[in-house]
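Just so it is clear, the values below take in all heavy atoms, side chains as well, and ignore hydrogens, waters and symmetry mates. In what follows, residues are counted from 1 in the order of the sequence shown. One-based numbering, in listed order, for ligands and for the atoms of each.
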Amino acid sequence: TTMDYSTNDSKSTSKNKVVAVVGGGLVGALNACYFAKRGFQVEVFESREDIRQAKIVKGRSINLALSHRGRQALKQVGMEDTIVSKGIPMHSRMIHSLNGTQSPIPYGKKGQYILSVDRANLNKELLSAAETYSTTKLNFAHKLLNWSTETGAMTFLRAAGAKEEIQADLIVGCDGAFSAIRKQFLRQSRFNFSQTYIPHGYLELTMPPINGEFAMKPNYLHIWPRNTFMMIALPNLDKTFTCTLFMPFDEFENVTTGDQVIEFFQKYFPDAIPLIGADALKRDYFHLPAQAMVSVKCSPYHLSDKCVLMGDAAHAVVPFYGQGMNAGFEDCLVFNEIMDQLNEDFSAVLPEYTRVRVPDDHAIADLAMYNYVEMRSHVNSKWFLFRKYVDNFLHMIMPRTVIPLYTMVTFTRTRYHEAVKRWHWQDKVINQGLLCVAASVVGGSYLLVRYPPNMPNISIEQLWTRLQALKSPF
Ligand SMILES: Cc1cc2nc3c(=O)[nH]c(=O)nc-3n(C[C@H](O)[C@H](O)[C@H](O)COP(=O)(O)OP(=O)(O)OC[C@H]3O[C@@H](n4cnc5c(N)ncnc54)[C@H](O)[C@@H]3O)c2cc1C
Ligand SMILES: NC(=O)C1=CN([C@@H]2O[C@H](COP(=O)(O)OP(=O)(O)OC[C@H]3O[C@@H](n4cnc5c(N)ncnc54)[C@H](OP(=O)(O)O)[C@@H]3O)[C@@H](O)[C@H]2O)C=CC1
Ligand SMILES: Nc1ccccc1C(=O)C[C@H](N)C(=O)O
């Protein structure tokens, strides 16, 4: 069957223009709300069955960390409170050392936290919100096979194997890290694309409640940092924790039997064994093979005035900053702001969106790579903890001059690429400042030893003359 939803009328307004959102995941469902709110006719095409009716929900992580950018994007379509009310605040990282001691590292100031939210519920709520607009239609079991850059026609595979051809005024590719929409971009001249699989994989385990209560303190993101790998745990509403082990694939390959799993956990995460349960651990570890993680960067995000990529389709990032979804949600918000500025003129909005958004999404992709090293290794270093303390202190006394990187990324809408620039600048200045302080302390101590306080009173001039006569202590 062929359906032509497009208006082919340059004078048509949003009221009768049709936007096809391909992918009804987190970003697609939110985007549907944005376009519907503006008055467009929205058709969402999702390859899977309706997640709200699905018995088994397939998909990546069970829960996600939601922070300021994502919340702001939800707020714009009136969804923030609904989602936040079902989130569990995490105020700090909780570091589990090998000997079982736990020490918190706050994420920001008092009252600043990230939220652990359930992925499936978030997706369901967003789909239902999109459906409240009478102009939105959700089409499940529609898998995009291909689309034509010349005509804009999209070919979908239906459940029974039938094919359906569909046209729209604008195609919004929200079809995730392995986007089928993006495939056509690869054939365009001057389209840049890179894809990197990191050599680490991940595996999820569940930590059940103990006597009906959370097995660990709930308002934390728990981390077992082991330098070259780590395990983390985020709380769920049903009082379980979802633990995720991130580790090089080589290491995963070394653990092949139940006994080896216990041996491995005994060596690196002994405190987690009784909490997950030895039997469950032996069984669940092999439930699924370790999953790969990919980072995708591309540019531009648009193709003429016909098609635009958002969310993971435009920028899959490794999960370590907890920003993939947040960045995808912010894409919708930024696009919406540009739609306001440029009067919904797609031929102007799409290039502007690429211009504004590419540097920021590329910056968060790099930051996400960096945060893995911070989480699995730096948090073990005294110097890192000291620097974090100094940054927080300086932020407290000069809140506008010094803003820690984590705060900029997680608790503000500072553009990601500006956060990176500022971080480098601040780091340089603070390190130089610390060096000066250290040098003064060493110099001062030397003087004190050389000229103990009971020395006779001398004038500044005399002291200066003596100082000049000294040989450098270094
Ligand atoms: C382990 C892990 C942990 C993460 N943790 C966090 C976190 O804490 N915080 C955070 O912000 N982000 C996190 N992320 C990232 C987050 O999952 C993604 O950024 C987010 O899901 C992107 O949403 P999306 O809608 O762009 O893509 P998806 O959620 O993948 O949705 C894409 C949708 O498109 C559909 N689709 C695919 N192909 C087609 C097709 N051909 N035709 C039609 N439909 C199609 C899919 O079925 C899917 O429903 C994590 C990711 C991983 C892997
Ligand atoms: N940054 C990352 O490392 C990754 C992030 N994600 C993100 O996680 C979230 C949920 O993912 P989820 O829905 O579970 O994704 P899935 O892994 O279930 O994949 C969704 C679809 O993508 C296709 N696909 C999967 N793996 C590959 C691959 N290696 N190469 C080409 N196509 C592939 C499959 O399509 P088909 O049916 O045609 O085979 C699959 O149905 C999404 O945001 C996704 O974008 C997902 C993977 C990695
Ligand atoms: N959600 C995640 C999933 C996987 C790995 C990390 C996260 C994080 O959220 C990390 C957090 N932002 C941190 O820096 O401690």
Honestly, for Thr410 the part within reach of ligand 3 (heavy atoms, under 4.0 Å) is neither
Counting from 1 in the order shown, the ligand 1 atoms closer than 4.0 Å to a non-hydrogen atom of Gly324 are 10 (C), 11 (O), 12 (N), 15 (C), 19 (O)
Honestly, for Met375 the part within reach of ligand 3 (heavy atoms, under 4.0 Å) is side chain
Note: Leu221, heavy atoms under 4.0 Å from ligand 3, region reported as side chain
The atoms of ligand 3 lying under 4.0 Å from a heavy atom of Tyr321, numbered in the order shown, are 12 (N)
Of Met310, Glu46, Met154, Arg48, the residue with the heavy atom nearest atom 46 (C) of ligand 1 is Glu46
(message) Using a strict threshold of under 4.0 Å (side-chain N to carboxylate O), is an ion pair present between Lys306 and Asp169?
(response) no
To the nearest 0.5 Å, atom CG of Leu237 lies from atom CG of Asp118 at 7.5 Å
Of all protein heavy atoms, the one nearest atom 14 (O) of ligand 3 is Arg93 NH2, 2.8 Å
Note: Tyr202, heavy atoms under 4.0 Å from ligand 1, region reported as side chain
Note: His142, heavy atoms under 4.0 Å from ligand 1, region reported as backbone
Min over Val27, Leu26, Val44 of heavy-atom distance to atom 29 (O) of ligand 1 lands on Leu26
Check your understanding: Does the ring of Phe193 carry Arg182 above it, NZ/CZ under 6.0 angstrom from centre and within 45° of its axis?
Key -> no
Open item on the list: Within the structure provided, determine whether Ile232 and Arg93 are in side-chain contact (heavy-atom separation under 4.5 Å).
Closed with: no
Nearest non-hydrogen protein atom to atom 12 (N) of ligand 3, with distance, is Tyr406 OH, 2.5 Å
One finds that the ligand 3 atoms under 4.0 Å from a non-hydrogen atom of Ala65 are 1 (N), 9 (O)
Q | Distance under 6.0 Å and angle within 45° of ring axis: Lys17 vs Phe346 | A | yes
(message) Can you see whether Tyr34 has Arg38 sitting over its ring - NZ or CZ less than 6.0 Å from the centre and within 45° of the normal?
(response) no
Can you see whether His91 engages Asn219 through a side-chain donor-acceptor pair at a distance of less than 3.5 angstrom? no
### Task
Decide whether the shortest distance between a heavy atom of Arg119 and an atom of ligand 1 is less than 4.0 Å.
yes
Of all heavy-atom pairs linking Gly201 and Phe252, the shortest is O-CE1, 3.4 Å
Rounding to 0.5 Å, atoms OH (Tyr321) and OG1 (Thr410) come to a distance of 5.0 Å
Per-atom filter on ligand 1: closer than 4.0 angstrom to a heavy atom of Lys143 are 41 (N), 42 (N)
Q.
side-chain contact (heavy atoms from CB on, under 4.5 Å), that's the test. Do Ser194 and Val296 meet it? Break it down for me.
A. CA-CA 6 Å; Ser194 74; Val296 174; over 6 Å; no
Any heavy atom of Leu64 under 4.0 Å from ligand 3? The part involved is neither
Q) Judging by distance only, is a nitrogen or oxygen of Ala65 under 3.5 angstrom from one on ligand 1? A) yes
Does Phe246 come within less than 4.0 Å of ligand 3, judged by its heavy atoms? yes
Report task. Could you tell me whether Ala180 and ligand 1 have an N or O pair separated by under 3.5 Å? Result -> no
Query - Charged tip of Arg69 within 45° of Tyr416 ring normal and under 6.0 Å - result: yes
Closest to atom 20 (C) of ligand 1 by heavy-atom distance, out of Leu234, Asp312, Val294, Asn139, is Asp312
*Return yes when Tyr372 approaches ligand 3 closer than 4.0 angstrom through a heavy atom, no otherwise.*
no
CE (Met230) and OG (Ser377) are apart, to the nearest 0.5 Å, by 11.0 Å
To the nearest 0.5 Å, atom CD1 of Ile62 lies from atom OG1 of Thr206 at 5.0 Å
Quick note on ligand 1: atoms under 4.0 Å from a heavy atom of Gly311 include exactly 26 (O)
Numbered in order shown, the ligand 1 atoms found under 4.0 Å of a heavy atom of Phe45 are 43 (C), 44 (N)
If you scan protein heavy atoms around atom 7 (C) of ligand 3, the nearest is Pro319 O, 3.8 Å
Atom 6 (C) of ligand 3 sits nearest the protein heavy atom Phe320 O, 3.4 Å
OG1 (Thr136) and CD (Gln41) are apart, to the nearest 0.5 Å, by 8.5 Å
Closest to atom 32 (C) of ligand 1 (heavy atoms only, candidates Ala313, Ala292, Cys174, Pro319) is Cys174
For Met408 and Ile403, the nearest pair of non-hydrogen atoms, with its separation, is CE-O, 3.4 Å
| message | Please report whether ligand 1 has a polar contact with Asn63, defined as an N or O pair separated by less than 3.5 Å (distance criterion only). | response | no
